[in-house]
Amino acid sequence: MNACLQRIEEIFRAIDTLYAAAQRSYGFSCEGCGDNCCSTKFHHHTFVEELYLAEGLKELDKERRRELLSRADEVARIHSASPDDVRVMCPLNEGGRCSVYGHRPLICRVHGIPYEMHGRDMSVEYGTGCHRFMSEKVKEGMKYFPFNRTMFYVEMARLEKAVRESGGFMGASYGKTTAEMVQSILRKT
Ligand code: SF4
Ligand code: SF4
């Protein structure tokens, strides 16, 4: 399992490096954003992200973990009683900062910047940046920076497959919100 954590760390480091280059190229930052994407109901699709997040949560003391679990329970309760586009702050966001920043999941690392995805048939699909990005940067007439997510997703899928084959995750498919991930991890500790 250590090899898995090491690999996910390498993938995430590569994402962070490219993301930082894109931010520099656009002159874009999240500083002072009133439209915090941490209140989006993100869904995560790999068990390896849960394993990695668990490592980050292990670094927090027992009391903080207990508080985060109670917040995750509350967020999960709101999610289950609300439409899918409900906005409620992620249980891991404390005072505007991510309490597990170094171990945050994939979508938290790629959200915000416009991107492209390449298909096997050589097709390319483009995705927009977050609302703030689009309203600020498109107006400024930005020069597109090619943020290609494809290899990152392919590598994550490979890693997920390897973990499943080694018996690390037995479910048919994986899909959890951050609150549900936190519940799964912290209920075991
Ligand atoms: S895990 Fe961290 S970065 Fe991701 S939504 Fe939650 S607080 Fe924000
Ligand atoms: S990615 Fe966009 S929505 Fe999220 S905090 Fe940064 S500027 Fe705000």
Side-chain angles (χ1 to χ4, degrees), residues 5 8-9 11-13 15-60 64-79 82 84-116 126-140 142 144-145 147 149 152-153 156 174-187 189:
L5 294 173
I8 195 168
E9 203 159 294
I11 300 168
F12 281 178
R13 212 175 298 133
I15 294 173
D16 295 347
T17 301
L18 188 64
Y19 195 93
Q23 279 189 305
R24 278 196 303 276
S25 164
Y26 288 124
F28 176 69
S29 102
C30 297
E31 200 65 39
C33 173
D35 184 25
N36 196 322
C37 51
C38 297
S39 57
T40 307
K41 185 181 177 184
F42 286 133
H43 287 89
H44 311 285
H45 301 287
T46 64
F47 178 63
V48 291
E49 287 170 274
E50 183 173 315
L51 293 176
Y52 196 63
L53 183 65
E55 292 300 300
L57 288 167
K58 259 189 223 164
E59 291 171 8
L60 306 178
R64 258 180 100 197
R65 290 205 303 265
R66 200 187 56 76
E67 280 167 21
L68 293 178
L69 177 57
S70 136
R71 242 183 274 156
D73 287 342
E74 177 60 8
V75 171
R77 192 193 60 72
I78 297 169
H79 280 163
S82 314
D84 223 35
D85 59 357
V86 64
R87 303 217 22 123
V88 47
M89 189 48 83
C90 172
L92 297 176
N93 187 303
E94 296 182 297
R97 301 195 91 81
C98 178
S99 49
V100 289
Y101 189 76
H103 289 82
R104 69 200 187 286
L106 175 67
I107 189 66
C108 308
R109 294 168 189 269
V110 294
H111 185 78
I113 295 279
Y115 62 94
E116 56 193 66
Y126 294 92
T128 63
C130 65
H131 182 70
R132 183 189 192 193
F133 182 96
M134 297 313 279
S135 58
E136 278 182 13
K137 295 295 158 190
V138 173
K139 256 190 239 155
E140 290 170 13
M142 65 174 201
Y144 177 65
F145 179 98
F147 189 87
R149 291 184 182 179
F152 302 134
Y153 287 7
M156 288 295 285
Y174 182 91
K176 286 183 191 170
T177 62
T178 316
E180 289 166 339
M181 269 181 166
V182 173
Q183 288 178 312
S184 305
I185 298 164
L186 294 183
R187 283 210 180 117
T189 59

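Order of listing sets the numbers, starting from 1, for every ligand and every atom in it. The residues of the chain are indexed from 1 along the displayed sequence.
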So if I count the atoms of ligand 1 from 1 in the order they appear, which ones are less than 4.0 Å from some heavy atom of Asn93? 7 (S)
Atom 6 (Fe) of ligand 2: nearest protein contact (heavy atom, Å): Cys30 SG, 2.4 Å
Under a 4.0 angstrom heavy-atom cut-off, which atoms of ligand 2 come close to Arg132? 7 (S)
Would Glu50 and Tyr174 count as having a side-chain donor-acceptor pair, cut-off 3.5 Å? yes
Applying side-chain contact (heavy atoms from CB on, under 4.5 Å) to Thr40 and Arg87, what does each step give before you reach the verdict? CA-CA 5 Å; Thr40 307; Arg87 303 217 22 123; 3.3 Å; yes
Which of the ligand 1 atoms, numbered from 1, are nearer than 4.0 Å to a heavy atom of Cys108: 1 (S), 3 (S), 4 (Fe), 5 (S)
Are Glu94 and Leu68 close enough that some pair of their side-chain heavy atoms sits under 4.5 Å apart? yes
Can you list the atoms of ligand 2 that are under 4.0 Å from a heavy atom of Gly112? 1 (S)
Can you pull out the closest protein heavy atom to atom 4 (Fe) of ligand 2? Residue, atom name and distance to 0.1 Å, please. Cys37 SG, 2.3 Å
Would one find more than 12 heavy atoms of other residues, nucleotides or ligands at under 6.0 Å from atom NE2 of His131? no
May I ask you to identify, for Cys90, whether its side chain, its backbone, both or neither come under 4.0 Å of ligand 1 on a heavy-atom basis? side chain
Among all the protein's non-hydrogen atoms, which is closest to atom 2 (Fe) of ligand 1, and how far away is it? Cys98 SG, 2.4 Å
Under 4.0 Å from a heavy atom of Phe28: give me the atoms of ligand 2 that qualify, with their elements. 7 (S)
Taking His111 as the fixed residue, which of Phe147, Phe42, Phe133 is the one that meets the ring pair (Phe, Tyr, Trp, His ring centres under 6.0 Å) rule? Phe42
Below 4.0 angstrom, N of the basic side chain to O of the carboxylate: do Arg77 and Glu74 qualify? yes
of all protein heavy atoms, closest to atom 8 (Fe) of ligand 2 is Cys33 SG, 2.3 Å
In the structure I gave you, are the side-chain heavy atoms of His103 and Leu5 within less than 4.5 Å of one another anywhere? no
Looking only at protein heavy atoms, identify the closest one to atom 3 (S) of ligand 2 and say how far it is in Å. Asp35 O, 3.1 Å
I would like to know whether Arg109 and Phe12 meet side-chain contact (heavy atoms from CB on, under 4.5 Å); could you show each step before the answer? CA-CA 8 Å; Arg109 294 168 189 269; Phe12 281 178; 3.2 Å; yes
Ligand-side contact atoms (ligand 2) for residue partner Cys130, heavy atom cut-off under 4.0 Å: 1 (S), 2 (Fe), 3 (S), 7 (S)
